[in-house]
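For reference, the structure is listed below as structure tokens.
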2 protein chains.
Amino acid sequence: MTKTIGEIAKLAGVAKSTVSRYLNGGSVSAKTKLKIETVITETGYVPNTFARSLKAKKTNIIGTIVPRLNSFATAQTLIGIDEELKDSEYQLLISNTSQDLNREIDSIYSLANQKVAGLILLATKVTERHLDALNKVNIPVILVGQQSEECYSLIHDDEHAGFEIGKYVIGQGHSNIVYLGVSEEDIAVGVKRKKGFKRATYDAKCAVHFAETDFDLKEAMKKFDYLYETYKPTIIVCATDNIALGILKAAQLKGLKVPDDLSITGFGGYDITEITHPSITTVQYYYKEAGLTAAKNIIKLINNEEIHKLTMSKTELVIRESVDKIR
Amino acid sequence: MTKTIGEIAKLAGVAKSTVSRYLNGGSVSAKTKLKIETVITETGYVPNTFARSLKAKKTNIIGTIVPRLNSFATAQTLIGIDEELKDSEYQLLISNTSQDLNREIDSIYSLANQKVAGLILLATKVTERHLDALNKVNIPVILVGQQSEECYSLIHDDEHAGFEIGKYVIGQGHSNIVYLGVSEEDIAVGVKRKKGFKRATYDAKCAVHFAETDFDLKEAMKKFDYLYETYKPTIIVCATDNIALGILKAAQLKGLKVPDDLSITGFGGYDITEITHPSITTVQYYYKEAGLTAAKNIIKLINNEEIHKLTMSKTELVIRESVDKIR
DNA sequence: CTGAAAGCGCTTACAG
DNA sequence: CTGAAAGCGCTTACAG
């Protein structure tokens with residue numbers, strides 16, 4: 001059924017090597033080119049990827065390692081990568097790790113073993129083991145979401161995002177604030193967003209109470225009562241939209257009116273924050289665009305073109321209904 | 001750097017074919033087995049996938065074609081598949097089509113060309129072209145979400161789901177109902193859910209107005225005003241949670257209180273329906289479990305084991321806050 | 001520009 | 001149980 005390069009060669013009356021050269025853009029005369037072209041379209045010939053990869057010792061696959069499949073940020077980033085890659089000669093291979101660090105490391109080696117042309121790593125944390133693995137496999141890599149001195153990285157401007165939220169919250173007159181962040185192990189979400197927020201609120205005469213939770217919505221809900229009762233804040237600034245969603249739900253379950261009784265903000269710009277009632281004031285992250293850029297960059301790296309060590313994706317404050325003006 | 005089977009053979013003092021046999025579970029004596037084992041662990045040898053696939057003319061890849069990446073249903077199904085496959089000898093390859101029918105067909109051929117061992121197709125529609133392609137490529141296939149006589153299928157019990165919602169809505173005393181469905185081109189969502197709902201409401205003395213929208217949340221929002229003004233329903237039964245989310249938002253924007261002024265239901269059991277205020281009464285679909293089962297089934301097919309032509313995934317009514325009791 | 005030959009790293013009958 | 005040999009479908013120097 002499926003043809004080989006040898007059969008194509010025979011049908012076209014040329015040598016295998018000539019067909020191969022035609023396929024790979026080598027020098028072929030106009031008329032042999034035509035002959036081969038005809039045969040190929042007639043037969044619907046498609047080269048065998050394995051044979052090709054075996055010889056060439058590389059593939060046209062871009063491996064993308066993601067921590068989870070069911071996240072807005074992941075999905076959008078993947079969509080961006082996919083969009084950029086689908087019309088290129090590269091193919092996207094997605095490897096999910098379910099937030100298991102070991103699987104993440106394993107995936108690096110396993111994808112390298114499959115001779116992927118490049119690697120995009122949607123990172124939540126960059127450990128020594130990551131760096132070590134990336135070093136060993138020695139293929140082009142782009143980190144997305146976290147930054148490392150030793151890698152090409154694409155990050156969102158978390159600190160700026162935090163700063164914008166901080167400025168806005170102060171501007172709305174809030175002076176008793178809970179900042180509900182996440183562990184500082186996560187540099188982007190845990191450290192930088194908070195840092196930007198601190199910088200914006202530092203000079204203002206306001207109390208900011210810092211608390212921590214994880215990325216889980218339900219966990220945030222559980223934390224709500226304690227935070228609200230302890231600090232009686234007029235606003236809870238949440239380090240992710242997901243956390244904000246949890247706080248919103250918990251507040252509403254308690255019978256509070258948002259934003260009249262309590263204001264809430266998030267980070268990320270997940271679609272759903274526009275749909276809740278009230279809609280949530282947040283900072284828009286451009287995940288899809290980041291994916292596009294990451295894909296473009298990895299292709300450049302593969303082609304030995306220069307790219308910046310660090311690419312910054314912008315963020316933008318989106319003012320909606322969940323923040324009250326305090327007078 | 002990376003070793004070949006030949007080097008392993010030399011180090012172990014045996015022939016390549018013996019190493020190969022060891023690798024593939026052929027008969028090898030205990031002591032040669034030990035020798036080879038030692039060398040392999042010492043060297044960290046990993047067989048070259050391409051060489052293997054080239055010879056064997058097949059891979060251990062399960063291709064999964066998805067219509068979109070940013071959907072709760074897709075994500076959950078993929079998580080299920082991934083979970084089942086990650087500890088097996090098979091690898092998951094995800095191919096996104098962005099709801100482009102042509103890309104869907106292309107993906108079938110392209111994955112077949114890559115000699116995937118099996119194919120899982122998260123289908124929204126099954127056309128002649130699909131069947132044709134599936135037929136031609138002649139590899140094990142499982143359809144998920146839609147059913148076809150000519151394929152192994154795994155579907156959710158849409159009709160039952162529709163029936164349950166219908167029974168519940170009637171039981172709550174609603175008699176002026178809008179059923180907001182989708183195009184009948186989609187058998188599962190457009191036809192079966194409605195059919196079940198009709199069956200449940202047929203005998204009741206109530207008015208059901210059938211309307212249609214697409215899968216887009218914003219589109220549903222746009223439809224709201226007309227539906228509400230025209231029919232003055234006490235409830236809008238939406239064919240997906242996404243549509244329900246749109247209707248909920250539109251109703252709230254109009255200043256209606258849900259469920260006091262208007263009740264709303266969905267289908268799917270998306271996480272977010274639990275978080276909205278009010279939470280949405282819906283039918284829980286078990287996407288992740290469906291993914292697990294699909295993966296198990298495709299492996300059985302690959303191994304020439306028997307499976308049922310049709311597997312039904314159950315659905316379950318989840319009563320929450322968005323439906324009022326009418327007296 | 002074109003072709004013959006070697007080789008990529010594995011597996012698979014076939015002998016022994 | 002074990003090994004030598006052929007071959008999977010391609011690409012890549014090397015001659016011409």
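Reckoned from all heavy atoms, side chains included, excluding hydrogens, waters and symmetry mates. Chain letters run A, B, ... following the sequence lines, proteins first, then strands; residues in each count from 1.
At least one side-chain heavy atom of A/S98 sits less than 4.5 Å from a side-chain heavy atom of A/R103.
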request  = Dump the intermediate steps for side chain to side chain donor-acceptor pair (under 3.5 Å) on A/S107 and A/S95, then the final yes or no.
outcome  = CA-CA 7 Å; A/S107 289; A/S95 180; 3.2 Å; yes

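The 5' end of DNA chain D is approached more closely, in terms of each residue's nearest nucleotide, by B/V28 than by the other of B/L54 and B/V28. Comparing A/R21 and A/K16 by the nucleotide of DNA chain C whose heavy atom lies nearest to each, the residue mapping closer to the 5' end is A/R21.
OP1 or OP2 of D/dT2 lies within a sub-4.0 Å distance of a side-chain N or O belonging to B/S29.
Nucleotide C/dT12 holds its P atom 10 Å from the CZ atom of B/R52, rounded to whole Å. Protein atom CG of A/N24 is 11 Å distant from nucleotide atom P of D/dC10, rounded to whole Å. Taking atom CD1 on B/I5 and atom P on C/dC8, their separation rounds to 14 Å, with Å as the unit. Regarding A/K57, its NZ atom lies at a distance of 12 Å from the P atom of D/dT12, rounded to whole Å. Rounded to whole Å, the distance from CD1 on B/I8 to C1' on C/dT11 is 16 Å.
Among B/V126, B/I139, B/L143, the one residue that satisfies the side chain to side chain contact (heavy atoms under 4.5 Å, CB included) test with B/L134 is B/L143.
With a cut-off of 3.5 Å on both pairing distances, D/dA13 has no Watson-Crick or G-U wobble partner at all. The nucleotide D/dA4 finds no pairing partner, because no Watson-Crick or G-U wobble arrangement with both distances shorter than 3.5 Å includes it.
With no hydrogens or angles considered, no side-chain donor-acceptor pair links B/Y90 and B/E84 at under 3.5 Å.
The base of D/dA5 has none of its N or O atoms less than 3.5 Å from a complementary donor or acceptor on the side chain of B/S17.
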